[in-house]
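Written below as structure tokens is the structure these notes are about.
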2 protein chains.
Amino acid sequence: MSFQDYFPVWDQLDAGQQRRLLDSLSFQTAPRGTILHDGGMDSAGLFLVRTGQLRAYVLSDEGREVTIYRLFERDLCLFSASCIIRGIQFEVTIQAEKDTQLWRIPPAVYRSLMAESAAVANYTNELMASRFSEVIARMEQVIWKRMDKRVAAFLLQEAAIEGSSEPRITHEAIANHLGSHREVITRTLRDFQSAGMVRLSRGMVTLLDTEKLKALCT
Amino acid sequence: MSFQDYFPVWDQLDAGQQRRLLDSLSFQTAPRGTILHDGGMDSAGLFLVRTGQLRAYVLSDEGREVTIYRLFERDLCLFSASCIIRGIQFEVTIQAEKDTQLWRIPPAVYRSLMAESAAVANYTNELMASRFSEVIARMEQVIWKRMDKRVAAFLLQEAAIEGSSEPRITHEAIANHLGSHREVITRTLRDFQSAGMVRLSRGMVTLLDTEKLKALCT
């Protein structure tokens with residue numbers, strides 16, 4: 001599978017635009033844990049994920065984290081190149097959550113394609129709208145959902161992503177996803193353990209009763 | 001001042017597109033309090049604000065509100081026409097916070113302009129990026145800022161918008177902006193009153209010490 005197969009509006013570019021884009025790409029393998037972009041860096045370019053998984057999060061002044069969205073195979077990360085769109089006034093950090101293969105598109109090239117092609121501009125619009133929707137959903141959860149419901153939902157999501165009932169994730173990492181404190185997460189997970197929903201061991205949470213966890217989420 | 005002066009990419013449309021847009025417009029006056037769009041309605045079209053002020057908010061399952069952004073003169077509201085962009089999966093309610101004059105643009109017309117014109121598509125991108133930035137900032141506040149700091153910041157913002165140190169706003173309305181409960185807001189405002197920062201009376205909060213409120217926000 002090549003770049004062309006991963007970039008949905010490829011066929012709507014003319015031959016010159018296709019060439020310009022292909023010539024500008026760089027391919028990269030980022031081991032799990034790599035910080036690919038942080039708000040302070042120069043624009044890192046857009047990332048198109050070939051395999052793996054990225055996490056985009058924001059940092060508080062005190063260094064606390066909260067995930068704003070995740071990217072999977074075929075997803076394009078716009079906000080690592082916030083210079084491509086005027087009006088973006090926040091800084092995200094992008095981290096590889098798994099070993100990840102990706103293409104980097106230089107911001108200047110992408111910006112020129114957006115300016116020339118309504119198809120690329122509208123594709124970009126759709127991507128931003130999807131991320132926007134995720135962030136709104138996340139904000140609703142933060143404001144209105146109890147922490148135990150959010151932890152239960154997160155564990156179920158992790159299990160689905162990993163395809164395993166034993167997602168490898170630390171209490172600290174769960175806190176960083178949900179914008180909470182490790183102590184709060186540990187307390188919640190211990191309550192789940194007492195209720196027979198999970199079993200805790202070092203760096204791992206085993207889901208014992210997914211039905212009960214699902215019931216808790218609703 | 002006419003529509004042309006309020007629509008920033010007017011000059012980048014061709015004569016046919018300009019005509020199509022002008023012919024499709026309707027002009028409306030919405031008294032303060034009017035619900036112009038709610039998630040359940042059919043797409044209401046895009047609103048371009050001539051004078052006044054709109055509020056966009058989301059509702060919880062229990063009917064609680066939280067403001068996600070506000071729109072002022074010259075702002076264009078995209079999300080009252082979520083059908084114009086694939087990928088929008090949330091529902092907002094749009095309410096006039098003041099008596100408001102606005103133009104409505106039918107979604108089908110705007111969508112056709114976006115498809116034809118990279119300028120319109122990129123303008124739309126910038127708008128969405130601005131709103132996105134506001135929502136991220138709001139989420140950061142919700143997660144990481146204490147409620148008293150958020151109430152202080154909101155009061156100062158209201159005073160700036162109203163151009164008055166006596167913004168007319170109820171405790172309920174403040175709660176709806178911040179996604180909180182009226183009781184919490186009342187308690188916070190009473191603490192402010194005890195500290196000499198505000199004076200409370202029916203439907204009004206008088207700011208007595210803006211320096212102290214500003215110091216609290218930081």
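Computed over heavy atoms, backbone and side chain alike; hydrogens, waters and symmetry mates excluded.
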**OP:** Measure the CG-OG1 distance between A:Asn122 and B:Thr124 for me, rounded to the nearest 0.5 Å.
**Re:** 7.5 Å

Original post:
Mind checking which of residues 53-66 of chain B sit less than 4.5 Å from chain A, heavy atom to heavy atom?
Top reply: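 Heavy-atom contacts from residues 53-66 of chain B to chain A are B:Val58, B:Leu59, B:Ser60, B:Arg64, B:Glu65, B:Val66.
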
**OP:** Would you please go through residues 126-138 of chain B and name the residues with a non-hydrogen atom below 4.5 Å from one of chain A, in numerical order?
**Re:**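 Heavy-atom contacts from residues 126-138 of chain B to chain A are B:Glu126, B:Met128, B:Ala129, B:Ser130, B:Arg131, B:Phe132, B:Ser133, B:Val135, B:Ile136, B:Arg138.
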
Subject >> Part of A:Glu140 within contact of chain B (heavy atom distance under 4.5 Å) >> reply: side chain

Subject >> Contact leader toward chain B among A:Glu116, A:Arg86, A:Gln89, where contacts are heavy-atom pairs under 4.5 Å >> reply: A:Arg86

Original post:
What closest approach, in Å, do A:Ser117 and B:Ala118 show between heavy atoms, and which atom pair accounts for it?
Top reply: C-CB, 4.1 Å

Original post:
So do B:Ile68 and A:Met139 actually touch side chain to side chain, heavy atoms under 4.5 Å?
Top reply: yes

**OP:** Give the member of B:Leu178, B:Ile85, B:Asn125 that has the highest number of heavy-atom pairs under 4.5 Å with chain A.
**Re:**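 Ranked by contacts with chain A, first place is B:Asn125.
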
Subject >> CZ/A:Arg74: more than 12 non-hydrogen atoms of other groups inside 6.0 Å >> reply: yes

